[in-house]
Protein chains: 2
Amino acid sequence: MQETTGTPPLDAETKVTERPGDHESELRFWLRLLTCATLIEGEIRRRLRHEFEVTLPRFDLMAQLDKSPGGMTLGELSQRMMVSNGNVTGLTERLVALGLLDRRQSPSDRRAQLVSLTPEGRRAFRAMARAHEGWIAEFFADLTPADIEALMRLLAKTKASARRAIAAETPR
Amino acid sequence: MQETTGTPPLDAETKVTERPGDHESELRFWLRLLTCATLIEGEIRRRLRHEFEVTLPRFDLMAQLDKSPGGMTLGELSQRMMVSNGNVTGLTERLVALGLLDRRQSPSDRRAQLVSLTPEGRRAFRAMARAHEGWIAEFFADLTPADIEALMRLLAKTKASARRAIAAETPR
DNA sequence: GGGATTCATTTTAAGGTTCAAATTTATAGG
DNA sequence: CCTATAAATTTGAACCTTAAAATGAATCCC
């Protein structure tokens, strides 16, 4: 269950003789990154459900709106949440039905809709956000400020690298 | 707010005076970690679909089986994939229907089923895995070996911290 | 103005995901 | 044995998610 990298005598320091097609360290890095994200995301999902009876996607959507008091269009939402348009349509419908979201036509563009939190939605979100912030602090309690600083820098580099690779493959 | 059975009474100098809202750096770290994972996962999903006509969850399941030639039980699979039992049941059904998976009763436990890749499934997975490894290398091409080493170490620490926090909350 | 194009959104079909309840089998105690 | 408990899996309901096609509106360009 516990993967202990005990430095096998195989590749101790022979990076020069790298065979083509050996990207084992990158692969292991990716799996570790994914495991961290999945582990934490699952626990956040569980706690949101049990303590607030809300799903994680709904919380995420409300979090975007909370940062944007003037409201956002559905397209903006889907872009920031990194999910599909149809996804946001459905989530929005359910949250409007619950009275947590307001939805109105954009005055300048009749194709677009502006969505924003209702007062009740904002109140509900703020309570959840407070708890959420505490959970995150718990999860990362063993990391020093220097650890977090280093991770922020390295993940920024990681993100930039991935974005470049993806943009190169998919030129829009 | 949270009632935990067996908590010792609060004493006068616990962190009651800690300012709420100063967990901003942890929160930003979490969002950045999640963004990296979501970005890369989405692109992998897209490429698997376009180049191999397979979904990411199916690829993930086959990847687990590829590492375990003797086969695995559904429970083992769900634990390693960090998804629910019912989820694995459905995924397995579809992959068996496609002829990529074999499913047989465990000889020692009639409750359990052993699942493994068929020869065709293994062949298909290997081709996908080769491409997948190349994609990952692309995504992380701008990271130096030292970057990856540092990230591996820091993410191991992150994972351990989160696991500790989650185990503390959910002794089960 | 009018046709082509692009853009914001919705719709539809298929699949993925969770949770909780139900089912079936194993194991432990008496 | 027999009952209680635990374990492995399945089922059902609700929801999330995507991709692709469709709809309706803005914009561009002559």
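Convention: sequence-line order gives letters A, B, ...; per-chain numbering from 1.
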OP1 or OP2 of C/dA26 sitting under 4.0 Å from any side-chain N/O of B/Arg110?
yes

To the nearest angstrom, how far is A/Met82 atom CE from D/dT17 atom C1'?
14 Å

Taking atom C1' of D/dA19 as reference, at what distance in whole Å does atom CZ of B/Arg46 sit?
12 Å

Rounded to the nearest 0.5 Å, the CG atom of B/Leu100 sits from the CG atom of B/Leu117 at a distance of 8.0 Å

Report the residue (A/Thr89 or B/Leu91) whose heavy-atom-nearest nucleotide on DNA chain C is the more 5′ of the two.
A/Thr89

At less than 4.0 Å, is any side-chain N or O atom of B/Asn87 found next to OP1 or OP2 of C/dT18? Yes or no.
yes

Could you check which of D/dA25, C/dT17, D/dT9 has an atom nearest any side-chain atom of B/Pro57?
C/dT17

Reckon B/Ser84 has a side-chain N or O less than 4.0 Å from the OP1 or OP2 of C/dT17?
no

I want to check one thing: is the phosphate of C/dT10, taken as OP1 and OP2, less than 4.0 Å away from some side-chain N or O of A/Gln113?
yes

Quick check: A/Phe59 with A/Phe52 (ring centres under 6.0 Å apart)?
no

Any donor-acceptor pair under 3.5 Å linking the side chain of A/Ser78 with the backbone of A/Gly75?
yes

Closest to the 5' end of DNA chain C, once A/Gly86 and B/Gly90 are matched to their nearest nucleotides, is A/Gly86

Return no unless some side-chain N or O of B/Thr55 is found under 4.0 Å from OP1 or OP2 of D/dT18.
no

Between D/dA25 and A/Gln105, is there an OP1 or OP2 to side-chain N/O distance shorter than 4.0 Å?
no

Can you check the B/Phe52 CZ to D/dA19 C1' distance for me, whole Å?
19 Å

Rounded to whole Å, how long is the line connecting atom CD of A/Gln79 with atom P of C/dC7?
12 Å

For B/Arg47 and D/dA19, give me the distance from atom CZ to atom C1', rounded to whole Å.
18 Å

Base, sugar-phosphate, or nothing: which does B/Ser106 touch, judged by heavy atoms less than 4.0 Å apart?
nothing

Side chains of A/Ile44 and A/Ile136: does their closest heavy-atom pair fall under 4.5 Å?
yes

In whole angstrom, what separates A/Glu93's CD from D/dC15's C1'?
13 Å

What is the distance, rounded to the nearest whole Å, between atom CG of B/Leu61 and atom C1' of C/dG15?
14 Å

Report yes if at least one side-chain N or O of B/Arg49 is closer than 4.0 Å to OP1 or OP2 of C/dA14; otherwise report no.
no

D/dC16 P sits how many Å from A/Phe59 CZ, rounded?
15 Å

Side chains of B/Phe140 and A/Leu27 in contact at under 4.5 Å (non-hydrogen atoms):
no

Is a donor-acceptor contact shorter than 3.5 angstrom present between the side chain of B/Arg111 and the base of D/dA7?
yes

